[in-house]
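Data block below; observations after.
What you are looking at is a predicted structure, and each value in this text was computed from that prediction instead of being measured.
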Amino acid sequence: MRTTTTDSTSPATEPAEDRAAALLGLLPTAAGRPTRIGLVSGGLGTYWPQFPGLLPQLRESAGYVARRFQAMGTEVTDAGFISDAQEGAAAAEKLRRADCDLIVLFLTTYLTSSMVLPIAQRANTPVLVIDLQPTAKMDHAAFDTGAWLAYCGQCPVPEVGNVFRRAGIPFRSVSGWLRQESAWRRIEQWIRAAHVRAALREARHGLMGHLYPGMLDVSTDLTLLPATFGSHIEVLEFDDLRHRVEKVTDAETRERMDLARKIFTLDDTVAEGDFAWGATVSVALDRLVDDFGLDTLAYYHRGLDGEQHERLGAGMILGASLLTARGIPATGEYELRTTVAQLASQSVGDGGSFTEIQALNFEDGVVEMGHDGPANLAVASRNPLLRGLGVYHGKRGWGVSVECDVQHGPVTLLGLGQDADGSLSFITSEGRVVPGPLLEIGNTTSRVDFGRDPGEWVDEWSATGVGHHWSLSVGHHAADHKAAASLLGIGFRSV
C-alpha cells in the first residue's frame, strides 16, 4: 500500500511533463558552460566590383544566419565575412583561439576551397558546411548574373567536400534555402550534437569504489575517455564520502528528508531510520560532487556484514537519484560508460535513466526494462516512489530504493560500446513505452515496444556489443546521437 506524503502543491494530477518540470523545479540544476559555435560566412571577392549589389545581399543573409544561431542558446563567435584566402586564414586563427564545439561555414555564393580549408585544419574543430540560397527558387525571367550568384552557394559544396576528403577532414553539409524550416531542423540537429560534444569534452567523471565483481563488460580503460573525448576521470574512495557523511548535521538531514517528501511518494515499507540515512548520504553526496567538480558519478562497494562502507553503498540511491535529476548522472555498479551515455542523452533530450533488460513479454510484444537503484526523475510518468527494501538483489545492504515507471511514448536507448581495438561507439535503438503491468520491487521500469519480436530485438541489440547497461531518454534521438558520434569521431550503430 502506498501512502502519499507530498504537500498540497504536489503536482500528482498534472500531465507527466508538467509533473517532471515541477518536481525538478525543487532542485538546483547543474549549470554547464554554453555550447560554443564558430561562424564564418564567405564568397569570392572577385565578384564584388563586378556586381556591386551582391555583397550587401549576402551580408544580410549572413546576419540572419547569425541571429538564428544566437536564438538557439549558443555562444556564437562570428569570424565575419571572408572574401579571399588571406581573410580565411585570419578567420581560422580567430576560431582557433575561440575553441569552439562546432564551426559552421556558410557558403553564400561560390568561393574557392583554399578560402575555407585553413579554417577546418587550424581550428581542430568539427566543421558543418551550410549553403542557404535566399529563396526556394530563382525568378528566371527577372534575374541577371549578379542576382543568380546569390543562389550559387551550392556550387562550391562538392569542391569543399572533395578537398576535405583529400585532407582527411570529415565532411558534413546542409543545403537548402534561407528560411526553409526543414533545412534549419537539420542544422539544429548538428547544434544538438554540438551540445553533446561540449558536455563530454570538459566533463569530470567521478569513479568511486570498485568494479562489481565479474562484470567484465563494465570495465573501462580510464585513459580511454580522456583520450577520446578530452574528459577527466576523478578516482574516488568511499572514504571520501564517509568523511563528508560524518560532517552532516541532524538539521541538514531533516531538511533533505523534507525535500524528499515533496518529490517522492513514501511507501509504507520505508523505515524512518533508513530514510534518514539515505538523506544524510544525499547531503554528503552533494558536497562530494561540489568539492570535486563532478559532472557524473559511477560507484559500487560490496561491503560486508553491515560495516560502514556497506551502509554507505546501500544509502546511495536517494542522493544519486536527486543528483541525476539535477543533471549530474549518478549510477551504480561502477558503470562509468553508462554515465557518459546518460550525460549525452540529457544533452539532447529528456532523461538518461540507468537501464537494463528485465524480462520479455512475448504475448504483448514488449521488452521490459529498468534497473534497481538510482532513477532519472525526468522520465517518470508520475510521482516517483520511495520503497523500503530489506535486501538489495545482487548487492549487500538494505534501505530505501526509488521506484517509478517511464512516461508512455517514444524513447531512445543509448549505450557506449567498446570494441576489441579499444574504440568507442554510440549504440542506439528507438522504441515506444506502452502501458501494462509492471513489477513493484523498487526499480525504474518500463515496457518498450520496438515494433518486432522482442527476442529478435534482444539478439540484434546484443550483437552490437552494447554491454548490459545503457541510458534511456524520452523522445526519439537516434539521429542526434548519430550526428554527435560524427562530431566526437567515434563509431555509431543503430538497431
Side-chain angles (χ1 to χ4, degrees), residues 17 32 34-41 58 60-78 100-108 125-138 150-151 153-154 156-158 160-161 164 170-200 344-352 378 407 409-414 426 428-432 451 471-488 490 492-494:
E17 297 83 357
T35 301
R36 298 192 289 258
I37 303 298
L39 175 62
V40 183
S41 306
L58 301 182
E60 184 178 339
S61 294
Y64 174 81
V65 168
R67 291 190 295 275
R68 288 291 298 249
F69 282 125
Q70 290 163 351
M72 295 178 194
T74 62
E75 184 179 284
V76 179
T77 298
D78 191 342
C100 298
D101 302 301
L102 176 68
I103 290 175
V104 180
L105 300 177
F106 177 27
L107 311 186
T108 65
T125 298
V127 173
L128 172 66
V129 173
I130 65 173
D131 52 281
L132 305 172
Q133 65 187 38
T135 63
K137 66 177 183 178
M138 293 188 293
Y151 285 72
Q154 288 81 8
V157 176
V160 173
F164 276 23
F171 177 74
R172 312 164 188 88
S173 68
V174 173
S175 300
W177 54 280
L178 196 61
R179 288 172 170 78
Q180 182 185 3
E181 290 306 315
S182 59
W184 278 104
R185 284 193 293 272
R186 292 163 60 201
I187 293 170
E188 288 165 356
Q189 180 176 286
W190 287 108
I191 300 303
R192 290 192 296 273
H195 291 335
V196 176
R197 184 170 187 264
L200 298 191
S345 293
Q346 72 182 27
S347 298
V348 299
D350 293 326
Q407 298 172 27
V411 293
T412 301
L413 314 183
L414 174 65
F426 274 175
T428 68
S429 190
E430 294 180 338
R432 295 188 65 84
S471 170
L472 179 149
S473 61
V474 175
H476 281 165
H477 302 292
D480 296 328
H481 296 318
K482 182 178 181 180
S486 172
L487 298 189
L488 292 165
I490 63 175
F492 175 81
R493 303 179 192 124
S494 185

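- Looking at Thr74, its side chain does come within 3.5 Å of a backbone N or O of Phe69 through a donor-acceptor pair.
- Panel note: side chain Gln407, backbone Ala378; a donor-acceptor pair is recorded below 3.5 Å.
- With hydrogens and angles ignored, the 3.5 Å screen pairs no side-chain donor or acceptor of Gln189 with any backbone N or O of Ala483.
- Within the 4.5 Å cutoff, side-chain heavy atoms of Leu102 are placed close to those of Pro126.
- Residues Tyr64 and Arg68 meet the side-chain proximity criterion, which asks for heavy atoms closer than 4.5 Å.
- Arg493 pairs by the salt bridge (charged side-chain N to carboxylate O under 4.0 Å, His left out) definition with Asp419, not counting sequence neighbours.
- Applying the side-chain hydrogen bond (donor to acceptor under 3.5 Å, both in side chains) test to every pair with at least one member in residues 476-488, sequence neighbours left out, gives these pairs: Arg172-Ser486, Arg192-Asp480, His477-Asp480.
- Thr125 pairs by the side-chain contact (heavy atoms from CB on, under 4.5 Å) definition with Cys100, Ile103, Ala123, Arg197, not counting sequence neighbours.
- Qualifying side-chain contact (heavy atoms from CB on, under 4.5 Å) partners for Ala62, counting only residues two or more places apart in sequence or in other chains: Ser41, Phe81, Phe106.
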Test side-chain contact (heavy atoms from CB on, under 4.5 Å) applied to Leu487 and Val196, step by step: CA-CA 9 Å; Leu487 298 189; Val196 176; over 6 Å; no
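- By the 4.5 Å heavy-atom criterion applied to side chains, Phe426 and Leu488 are counted as neighbours.
- The closest side-chain heavy-atom distance from Val65 to Val104 is not below 4.5 Å.
- With Ile37 as reference, Ile191 is the one residue of Asp78, Leu128, Ile191, Thr77 to meet the side-chain contact (heavy atoms from CB on, under 4.5 Å) rule.
- The shortest distance between side-chain heavy atoms of Thr428 and Phe492 falls below 4.5 Å.
- Within the 4.5 Å cutoff, side-chain heavy atoms of Val127 are placed close to those of Phe164.
- A search for side-chain contact (heavy atoms from CB on, under 4.5 Å) contacts involving Arg432 returns Pro410, not counting sequence neighbours.
- For Thr135, the side-chain contact (heavy atoms from CB on, under 4.5 Å) partners two or more places apart in sequence, or in a different chain, are Tyr151.
- The OG atom of Ser173 sits 7.0 Å away from the CZ atom of Arg186 when rounded to the nearest 0.5 Å.
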